[in-house]
Undergrad: 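Sharing a structure with you now.
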Amino acid sequence: MSEQNSLPVVTSVESTLVPGEERPYRRLHRGPGEPHHERRDLMPEGSVGESRADERSMAGLIHFTDFQIADLASPSRVEFLQRLVGEKDWERMLPAYRPQEFMLAQAIELIVRSMNAFAAEDPERWALALTTGDNTDSAQHNELTTFLSCLEGGRIEPAVGTRGFSDAPVGLGDDHYYNPEPWSEDVWKSSLGLPTYPGAVAASAQPFDAVGLKVPWLSCFGNHDCLVQGRAARPEGYDEILTGPSKPVDRPADAPSGDKLSAYVEDPTWVSTGRADEIEARDDRRMVSKREYIEQHLAAPGTPSGHGFTADNLATGHAYYVYDGLPGIRMIVLDTTNIAGHVDGCVDDAQFAWLEERLTEVHSRYRAVDGSTVQANGEDRIVVIASHHGLSTMTNDFGGETSPDGEENGKRHLAADVEELLHRFGNVALWLSGHTHINKITPRPGASGGFWEVSTASIAEWPVQFRGIEIFAGAEAIRVRTTMVDSQVPAAPDGSLDLVDLASLHREIGANDPGSVGGLHAQGSPNDRNQDLLVPVSPELLRSLARESR
């Protein structure tokens, strides 16, 4: 989307009135690429710009997040709650449904192909890709295997276990769900003007072969990768519900009073006691543990081995790790999930201490807790933090003093603690995250200069983009260039009903769902997209990077 680099152009949005409808429907069209703008929020006052000729390219990586691959017939899904929009006690359980979700497999395949095409322009630069979690929707085994097939290549069966989507919302014949077939007169068409698109359901159910991501990639753990619907810990016996032959399709008559999310976190099974339909029972709907999640990544093909996870992760069950495969850069991938429940994040005591140790290893000096300078023996590297939750959503201390690993006295460290720790280490330049489903760039100034927090929107919702991250080392600063890249689908679906057309329709429908997590403006402002982010760095780090580049 950068005019300077001739990258893919942004897809803009315009509203048009659909014939026969009273409400405008947002159509997409190709627009001009956005230039990059320099942001100097973290630079000392009075500092001058640097010559780009003196910069050294350190690395390029692709950031994508929140596939939320869902088994649409899963008994854990609560899409029937979407009709309760406006009821205060239920609002924290929403959104529960996306009208475009039955075409998610096609959307993911096209975003993977788009990342491949993007990286192929300069394979030496784009050496790594990173997902920051919520790869699955409800931590089910079948969702995880589909996610791995999407990235490593393999047969994708979008409607497996749904009898051609007849067991999923799109096929239930309920007018609360969007169905593009001509016979459907659902509320999504009448209220938002979503289009009739004959044959889309049957076409989206067809299997296809995923090409796989051609770039080495790292994985990360999100709340939807370990919790029931990303909210609640798995209660005893819950797999019997998941693998059984019935799917709840209506709220229970005797729902607990008050805030329903709090009641759901305490026990998600009560939501499953309402009216149900018969579905195909499947053993592969069982939930996976964190250790099994790691094990499946270690067994997956592709590079790097384990996609970041190691044998030590498997032995400990911890889903955090470091990756030192990029010259001059240490990537620290955190596990910010709270497996006790609730959607937002935290870091427990064990991981907090581990994080401090990993930071110390890549600093020749840093600040102690009392503010004094500590001379250390670490080899200076640029530090990139990656996690599902960013600082704005590190707010979850649910579960008291029991750690996310079940150990006693495991304090949850929230945003203030984590940010304070990072500001003691001046080589921290960047934090990549997902979770909010919104493109957002936030400066985090500190005594050592500070770092930039960069969050990228979801693939499951509008705007269906990934972010290119380039890191350059200059004479006085690090420059982080971020570039948003659209899924390279046609701006307007053409009715051909092939894989590309369905991915295009998925994106257009997503642009018309105001109730999505990210909302209609999830693309963010221009300041959240194509930017050159400057980070002041120490002379020690610059000398170390100069040695690395020789």
Side-chain angles (χ1 to χ4, degrees), residues 57-65 115 119 123-133 135 147-148 151-152 213-222 225 290 293-337 347 351-352 354-363 378-390 418 422 425 427-434 451-454 456 466-471 473 478 480 541 544-545 548-549:
S57 176
M58 301 302 301
L61 62 96
I62 293 170
H63 179 214
F64 62 101
T65 191
M115 289 190 284
E124 292 187 5
R125 175 188 300 181
W126 303 108
L128 188 69
L130 165 75
T131 166
T132 47
N135 304 312
F147 162 71
L148 293 172
L151 290 192
E152 291 304 330
L213 185 58
K214 307 305 181 184
V215 181
W217 60 275
L218 302 179
S219 194
C220 182
F221 203 61
D225 297 316
K290 187 180 294 188
Y293 183 93
I294 295 166
E295 186 177 41
Q296 291 294 316
H297 279 76
L298 286 167
T303 57
S305 177
H307 300 288
F309 297 117
T310 66
D312 181 65
N313 290 117
L314 186 61
T316 63
H318 296 154
Y320 44 86
Y321 60 87
V322 297
Y323 178 77
D324 291 327
L326 298 176
I329 296 172
R330 164 158 285 188
M331 294 192 65
I332 302 179
V333 180
L334 302 178
D335 172 11
T336 55
T337 61
V347 170
Q351 185 175 184
F352 191 79
W354 173 91
L355 173 59
E356 184 172 13
E357 292 171 0
R358 302 293 80 78
L359 290 167
T360 301
E361 291 170 348
V362 288
H363 284 79
E379 181 180 351
D380 288 288
R381 285 173 169 255
I382 299 169
V383 176
V384 176
I385 306 292
S387 65
H388 183 61
H389 303 89
V418 177
L422 296 181
F425 294 87
N427 295 347
V428 178
L430 179 65
W431 186 338
L432 300 174
S433 64
F451 58 90
W452 290 93
E453 185 176 348
V454 176
T456 299
F466 61 90
R467 194 187 292 264
I469 303 285
E470 300 171 85
I471 300 175
I478 299 297
V480 178
L541 175 58
S544 178
L545 297 178
E548 187 85 41
S549 64

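Hydrogens, waters and symmetry mates are skipped; everything else that's a heavy atom, side chains included, is used. This chain uses plain numbering: 1 for the first residue, then up along the sequence.
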Undergrad: Would you call Asp335-Lys290 a salt bridge at under 4.0 Å N-O?
TA: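 Answer for the salt bridge query: yes.
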Undergrad: Pairing donors with acceptors under 3.5 angstrom, does anything connect the side chains of Trp431 and Ser387?
TA: yes
Undergrad: Which pair of heavy atoms, one from Leu213 and one from Ala129, lies closest together, and at what distance?
TA: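 Minimum heavy-atom separation between Leu213 and Ala129: CD2-CB, 3.8 Å.
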Undergrad: Please round to the nearest 0.5 Å and tell me the distance separating atom CD1 of Ile385 and atom CG of Leu355.
TA: 5.5 Å
Undergrad: First locate atom CD of Glu470, then atom CZ of Arg125, and finally report the distance between them rounded to the nearest 0.5 Å.
TA: 4.0 Å
Undergrad: If you round to the nearest 0.5 Å, how far is CD1 of Ile332 from CG of Asp324?
TA: 8.5 Å
Undergrad: Ignoring hydrogens and geometry, is there a side-chain-to-backbone donor-acceptor pair from Arg358 to Arg330 under 3.5 Å?
TA: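 Looks like no, no N/O pair under 3.5 Å.
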Undergrad: Under the side-chain contact (heavy atoms from CB on, under 4.5 Å) rule, what do Leu359 and Leu422 come out as? Steps first, then yes or no, please.
TA: CA-CA 8 Å; Leu359 290 167; Leu422 296 181; 3.8 Å; yes
Undergrad: Is there a donor in the side chain of Ser219 and an acceptor in the side chain of His307, or the other way round, less than 3.5 Å apart?
TA: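 Looking only at side-chain atoms, His307 and Ser219 do not form any donor-acceptor pair under 3.5 Å.
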Undergrad: Under a 4.5 Å cut-off applied to non-hydrogen side-chain atoms, are Glu152 and Trp217 in contact?
TA: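 Yes, side chains in contact.
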Undergrad: For the pair Asn427 (side chain) and Val362 (backbone), establish whether a donor and an acceptor sit closer than 3.5 Å, ignoring hydrogens and angles.
TA: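 Judged by distance alone, yes, a pair lies under 3.5 Å.
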Undergrad: I need the minimum non-hydrogen distance between Ala127 and Leu326, along with the two atoms involved.
TA: CB-CD2, 4.5 Å
Undergrad: Side chains of Thr310 and Ile294: does their closest heavy-atom pair fall under 4.5 Å?
TA: no
Undergrad: Working to the nearest 0.5 angstrom, can you tell me the gap between Leu432 CG and Thr131 OG1?
TA: 11.5 Å
Undergrad: Sort out for me which residue in Phe221, Tyr323, Tyr320, Tyr321 forms a ring-ring contact (aromatic ring centres under 6.0 Å, His included) with Phe309.
TA: Tyr321
Undergrad: Let me confirm one number: the CG-OG1 distance from Leu130 to Thr65, rounded to the nearest 0.5 Å.
TA: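 It is 8.0 Å, given to the nearest 0.5 Å.
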Undergrad: Begin from the C-alpha positions of Phe425 and Glu356 and carry the test side-chain contact (heavy atoms from CB on, under 4.5 Å) through to its verdict.
TA: CA-CA 9 Å; Phe425 294 87; Glu356 184 172 13; 4.2 Å; yes
Undergrad: Does any non-hydrogen side-chain atom of Gln296 lie less than 4.5 Å from one of Leu148?
TA: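 Touching, per the 4.5 Å side-chain cut-off.
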Undergrad: Indicate the atoms forming the closest heavy-atom contact of Ile62 with Ala119, along with that distance.
TA: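 Closest approach of Ile62 to Ala119, heavy atoms only: CD1-CB, 4.2 Å.
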Undergrad: Quick one: does Val347's side chain get under 4.5 Å of Trp354's, heavy atoms only?
TA: no
Undergrad: Are Leu545 and Met58 packed together at the side-chain level, in the sense that at least one heavy-atom pair is separated by less than 4.5 angstrom?
TA: yes
Undergrad: Taking atom types as modelled, find out whether Asn135 and Tyr293 have a side-chain donor-acceptor pair closer than 3.5 angstrom.
TA: yes
Undergrad: Roughly how far apart are Leu430 CG and Ile382 CD1, rounded to 0.5 Å?
TA: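 One gets 10.0 Å once the value is rounded to the nearest 0.5 Å.
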Undergrad: Take Leu61 and Met331 through the side-chain contact (heavy atoms from CB on, under 4.5 Å) test and state the conclusion after the steps.
TA: CA-CA 11 Å; Leu61 62 96; Met331 294 192 65; 4.2 Å; yes
Undergrad: Working note: His388 + Thr336, criterion side-chain hydrogen bond (donor to acceptor under 3.5 Å, both in side chains); need CA distance, chi angles, decisive distance, verdict.
TA: CA-CA 7 Å; His388 183 61; Thr336 55; over 6 Å; no
Undergrad: Going by the rule ring pair (Phe, Tyr, Trp, His ring centres under 6.0 Å), which residues pair with Phe466 if we only count those two or more places apart in sequence or in a different chain?
TA: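 With sequence neighbours excluded, Phe466 shows a ring pair (Phe, Tyr, Trp, His ring centres under 6.0 Å) to Phe118, given in chain and number order.
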Undergrad: Determine, stepwise, if the pair Thr132 / Ser433 fulfils side-chain contact (heavy atoms from CB on, under 4.5 Å).
TA: CA-CA 6 Å; Thr132 47; Ser433 64; 5.6 Å; no
Undergrad: So does Arg381 pair up with Glu361, basic N to acidic O under 4.0 Å?
TA: no
Undergrad: Side chains of Arg467 and Phe64: closer than 4.5 Å at any heavy-atom pair?
TA: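 No. Closest side-chain heavy atoms not under 4.5 Å.
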